[in-house]
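Right, one structure below, let's go through it.
Please read all numbers here as calculations on a predicted model, not as lab measurements.
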Amino acid sequence: MSTIRKKNEGKILKAASQVFASEGYAATKTIDIAKLAGVPKANVYYYFGNKETLYSAVLETIIEPLLSATHPIETIDNPAIALTEYIKTKLIISRDYPYASKVFANEIMRGSPLLSPEIRQRLMNQSTFLLNKFTQWIDAGQMDNVSPHHLLFMIWSSTQTYADFSWQINAVMGKTSLAASDYDDAAHLISQLVLKGCNVRSCDSSTTPAAV
């Protein structure tokens, strides 16, 4: 029964991510999620209770990967490698969670009214950690004296746009969806721009990334 439950919850979450992303929270109807998931409407309520709980569950599917994305920054001392791996990780999240990413972006643009205080604090703690790490590298002479805040915002925008503005990106590239090689190209270019733009210096004493 646990396998069946996990399968049904997964189908509902996947469908909910898509509907919430396209319609927004207020306009989303539970029946539309059920139809897309191919399950009775009663199953949505059985597994998630109500629309708000389901919406929160969709947000959690993207928030946990986002919170884990800083692992390279936490475990790799070399700023050139750490930043490159962080950018790669952020792009993988945009590739693997495109609809949930849109839901998260819409929630933030609304002022995050349905994000729990705990999640807000965890996201803020993560941002503070990244800003402090950038400042540490600047103070150590491992990168130029750039604005840590605007560096963080630039990385966010340049990686999350591949999910949040996927329709526009696909249209410009003449594709229905991006290939893995497209994300590799994006990671390479964004990393180059960040490393060269900030004049990031490698640290020879730690050129081997920790296990991710």
What closest approach, in Å, do [X] and [Y] show between heavy atoms, and which atom pair accounts for it?
| X | Y | answer |
| --- | --- | --- |
| Val146 | Pro148 | O-CD, 3.1 Å |
| Ser17 | Ala100 | CB-N, 4.1 Å |
| Thr30 | Lys51 | OG1-CB, 4.3 Å |
| Ile155 | Ser158 | O-OG, 3.3 Å |
| Ala34 | Val44 | CB-CG2, 3.9 Å |
| Ala69 | Ile93 | CB-CD1, 3.9 Å |

Using a 4.5 Å cut-off on heavy atoms from C-beta on, say whether the side chain of [Y] contacts that of [X].
| X | Y | value |
| --- | --- | --- |
| Thr89 | Pro72 | yes |
| Phe165 | Gln160 | no |
| Met173 | Ile169 | yes |
| Ile119 | Leu59 | no |
| Phe134 | His149 | no |
| Pro79 | Arg201 | no |
| Ile73 | Trp137 | yes |
| Leu36 | Lys14 | no |

Please determine whether residues [X] and [Y] belong to a single hydrophobic cluster, defined as Ile, Leu, Val, Met, Phe, Trp and Tyr linked transitively by side-chain heavy-atom distances below 4.5 Å.
| X | Y | answer |
| --- | --- | --- |
| Leu91 | Ile81 | no |
| Leu131 | Met154 | yes |
| Leu151 | Ile76 | no |
| Tyr97 | Tyr86 | no |
| Leu66 | Leu83 | no |

(request) Give the intermediate values and the outcome of side-chain contact (heavy atoms from CB on, under 4.5 Å) for residues Leu13 and Leu54. (result) CA-CA 7 Å; Leu13 279 172; Leu54 177 56; 4.0 Å; yes
If we ignore angles and hydrogens, is there a donor and acceptor under 3.5 Å between the side chains of [X] and [Y]?
| X | Y | result |
| --- | --- | --- |
| Asn170 | Ser177 | no |
| Tyr47 | Asn8 | yes |
| Asn125 | Gln121 | yes |

Check whether [X] reaches the backbone of [Y] with its side chain - one donor and one acceptor, N or O, closer than 3.5 Å.
| X | Y | result |
| --- | --- | --- |
| Asp164 | Thr161 | no |
| Asn106 | Lys102 | yes |
| Arg95 | Leu178 | no |
| Thr159 | Trp156 | yes |
| Thr53 | Gly49 | no |

Hey, could you give me the [atom1]/[atom2] distance between [X] and [Y], rounded to the nearest 0.5 Å?
| X | Y | atom1 | atom2 | answer |
| --- | --- | --- | --- | --- |
| Leu193 | His188 | CG | NE2 | 9.5 Å |
| Ile87 | Leu189 | CD1 | CG | 10.0 Å |
| Ile4 | Glu9 | CD1 | CD | 12.0 Å |
| Lys175 | Ser166 | NZ | OG | 14.0 Å |
| Ile31 | Lys41 | CD1 | NZ | 5.5 Å |
| Ser56 | Asn50 | OG | CG | 8.5 Å |

(request) Measure the acute angle between the ring planes of His150 and Phe153, then classify it against the limits of 30° and 60° as parallel, tilted or perpendicular. (result)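 Because their plane-to-plane angle is over 60°, the rings of His150 and Phe153 count as perpendicular.
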(request) On the 0 to 90° scale, with breaks at 30° and 60°, tag the Tyr183-Tyr162 ring pair as parallel, tilted or perpendicular. (result)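 Tilted: the ring planes of Tyr183 and Tyr162 meet at 30° to 60°.
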(message) Take a 6.0 Å sphere around CZ of Phe48 and say whether it holds more than 12 heavy atoms from other residues, nucleotides or ligands.
(response)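 Atom CZ in Phe48 is packed in, count exceeds 12.
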(message) Within the supplied structure, the quantity of interest is the number of heavy atoms (other residues, nucleotides, ligands) at a distance under 6.0 Å from Lys35 NZ; does it exceed 12?
(response)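 No, NZ of Lys35 has 12 or fewer neighbouring heavy atoms, counting only those of other groups under 6.0 Å.
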(message) Can you tell whether the side chains of Lys88 and Glu85 come within less than 4.0 Å, N to carboxylate O?
(response)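 Salt bridge flag = yes for Glu85 with Lys88.
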(request) Please determine if Asp144 and Lys196 form a salt bridge, counting it only when a charged side-chain N lies under 4.0 Å from a carboxylate O. (result)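 No, this pair does not count.
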(message) Determine whether Glu74 and Gln126 satisfy the following criterion, side-chain contact (heavy atoms from CB on, under 4.5 Å), listing intermediate values before the conclusion.
(response) CA-CA 10 Å; Glu74 296 166 1; Gln126 181 189 53; over 6 Å; no
(request) In sequence, state the C-alpha distance, the side-chain angles, and the governing distance for Val58 and Phe104, and then conclude on side-chain contact (heavy atoms from CB on, under 4.5 Å). (result) CA-CA 9 Å; Val58 169; Phe104 177 75; over 6 Å; no
(message) Please determine whether side-chain contact (heavy atoms from CB on, under 4.5 Å) holds for the pair Val103 and Tyr55, giving the CA-CA distance in whole Å, both sets of side-chain angles, and the decisive distance to 0.1 Å.
(response) CA-CA 9 Å; Val103 174; Tyr55 180 79; 3.6 Å; yes
(request) Please step through salt bridge (Lys or Arg N to Asp or Glu O under 4.0 Å) for the pair Glu107 and Arg110, ending with a clear verdict. (result) CA-CA 5 Å; Glu107 176 67 13; Arg110 294 193 309 134; 2.8 Å; yes
